[in-house]
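Here the structure is a predicted model, which means the values were calculated and not measured. Residue numbering restarts at 1 for every chain, and letters A, B, ... go by the order of the sequence lines.
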Number of protein chains: 2
Amino acid sequence: MTELEKGPTGRRRGRGARERILGASQQLFREQGINRTGMDQLCAAAEVSKRTAYQHFTSKDELVAEYLRRFDPTVLSGVFDRTDLTPRERLLAAFDIPATTPLCPYIAAAVELHDPQHPASQYARDYKKAVAARLADTAREAGADDPEQLGEQLALLIDGAAARTRVLDADAFPTAAAIAAVLIDNAIPAG
Amino acid sequence: MTELEKGPTGRRRGRGARERILGASQQLFREQGINRTGMDQLCAAAEVSKRTAYQHFTSKDELVAEYLRRFDPTVLSGVFDRTDLTPRERLLAAFDIPATTPLCPYIAAAVELHDPQHPASQYARDYKKAVAARLADTAREAGADDPEQLGEQLALLIDGAAARTRVLDADAFPTAAAIAAVLIDNAIPAG
DNA sequence: GGTTAAGCACACAGGGCGGTGTACTTAGCA
DNA sequence: TGCTAAGTACACCGCCCTGTGTGCTTAACC
């Protein structure tokens with residue numbers, strides 16, 4: 001006599017609570033921020049009882065850490081995997097994507113959590129370094145003089161565009177892309 | 001028989017509460033963040049009773065707005081006023097200063113308040129635009145081809161360095177300064 | 001010296017949040 | 001069919017936070 005909806009697996013709504021919690025986190029933490037999203041609201045959105053949530057994650061901090069660790073990087077990695085683009089085009093394409101995303105969740109998390117020792121802050125650093133490394137790889141592929149430097153510079157541009165977009169409420173990625181074009185042309189001997 | 005300390009004006013500690021509140025805000029909001037700083041703590045630091053604080057500011061939001069509106073921009077404006085430097089040197093000097101400041105308080109406020117309609121968010125936008133305008137002025141003075149564009153670009157670099165410094169817990173301003181040097185040299189015909 | 005504005009001390013209301021306790025229900029499996 | 005793991009519903013605790021009410025004290029100025 002249950003009126004609960006059945007998922008694609010044919011299981012009861014309740015099954016797979018952990019994934020639904022993480023899914024709701026992705027949405028709510030980004031839209032509203034971490035501190036402004038209470039566990040009550042999050043559980044309601046995930047269609048999960050609060051008790052269950054605290055059986056999967058011992059605390060909200062742990063949930064936040066997992067949310068950042070598991071942050072879906074397909075948006076950015078998708079750019080690096082596009083074989084139809086030249087390395088130079090791939091570097092520039094990195095500035096087209098994030099315009100849709102309001103602000104890099106790692107920057108927001110670093111501000112909101114405000115504790116460099118927080119496990120989530122560690123994941124944020126890891127992610128930032130990983131992005132810079134991938135940019136450096138592509139820069140090397142493009143034949144840049146100093147790929148590490150260029151990768152770090154491009155990563156800084158992305159973060160700057162993200163932060164400025166957030167504060168000014170206006171897309172700053174075109175400006176960043178223009179700078180990137182200059183840097184890339186300066187760093188690649190042949191052009 | 002009062003044991004209260006006397007200030008330089010000879011007045012009782014209690015006088016000038018508003019200024020002390022704003023002063024404590026400057027320190028605590030920056031060090032701990034806005035949301036993590038309670039009014040109790042702030043009043044204690046300002047040596048002001050809570051009741052008095054709420055007579056000067058009807059709400060914490062109003063205090064936050066005033067804190068941002070009154071944010072002391074001498075650090076940055078001091079750079080622009082240095083007549084001993086060439087315009088080009090002044091543009092580059094803008095990347096030496098903010099290393100001491102943990103993160104531009106406006107970026108932090110935009111994340112913490114999370115509401116573009118918040119009056120403080122308006123002040124944040126005003127400040128960002130003002131900085132970009134001053135950079136553009138100096139760029140024009142330096143003979144740049146497109147001063148507005150260069151000013152916007154340099155402002156983005158500053159924000160990027162600030163954000164990245166915060167997340168990575170490592171000074172990113174040298175990287176930003178290196179990019180700035182490239183942009184400036186590219187934008188000024190004579191060099 | 002008396003008036004007035006500014007400030008103080010302190011308790012407390014009201015609400016939200018993180019987190020827990022308890023008793024019940026369901027799905028899957030042997 | 002009966003056991004177990006997963007989930008549910010819901011009340012509840014304690015904490016902290018913003019904001020207020022009340023009565024008292026002090027400084028400044030005429």
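In this structure, of C/dG19, D/dT8, C/dC8, it is D/dT8 that holds the atom nearest to the side chain of A/R20. Taking only side-chain atoms of A/K60, from C-beta outward, the nucleotide of C/dG19, D/dG7, D/dG19 with the closest atom is C/dG19. Comparing C/dC8, C/dT20, D/dT20 by their nearest atom to the side chain of B/K50 picks out D/dT20. Among D/dG19, C/dG19, C/dG7, the nucleotide with an atom closest to any side-chain atom of B/T52 is C/dG7. Here C/dA9 is the nucleotide among D/dT18, C/dG18, C/dA9 with the atom lying nearest to any side-chain atom of B/S49.
Salt bridge present: A/R164 and B/E152 bring a charged side-chain N and a carboxylate O closer than 4.0 Å. A/D81 has a carboxylate O that lies under 4.0 Å from a charged side-chain N of A/R134, or vice versa, which qualifies the two as a salt bridge.
Across all strands, A/D40 comes closer than 4.0 Å to no nucleic acid atom at all (heavy-atom distances).
Residues A/L135 and A/F80 are in side-chain contact: their nearest non-hydrogen atoms beyond the backbone lie under 4.5 Å apart.
The NE2-P distance, from B/H56 to D/dG19, rounds to 16 Å in whole Å. Note: CD (A/Q41) to C1' (C/dG16) measures 12 Å, nearest angstrom. Look at CG on A/N35: it is 13 Å from C1' on D/dC17, rounded to the nearest Å. In this structure, CZ of A/R51 is placed 17 Å from P of D/dA5, rounded to the nearest angstrom. The CE-C1' distance, from A/M39 to C/dT20, rounds to 13 Å in whole Å. Nucleotide C/dC8 holds its C1' atom 19 Å from the CZ atom of B/R18, rounded to whole Å. Per the geometry, CG belonging to B/L63 stands 10 Å off P belonging to D/dG19, to the nearest Å. Rounded to whole Å, the distance from CD on B/Q32 to P on D/dC16 is 15 Å.
Residues B/L85 and B/V79 do not share a hydrophobic cluster, clusters being chains of Ile/Leu/Val/Met/Phe/Trp/Tyr side chains in contact below 4.5 Å.
There is a side-chain donor-acceptor pair under 3.5 Å between B/E62 and B/T58.
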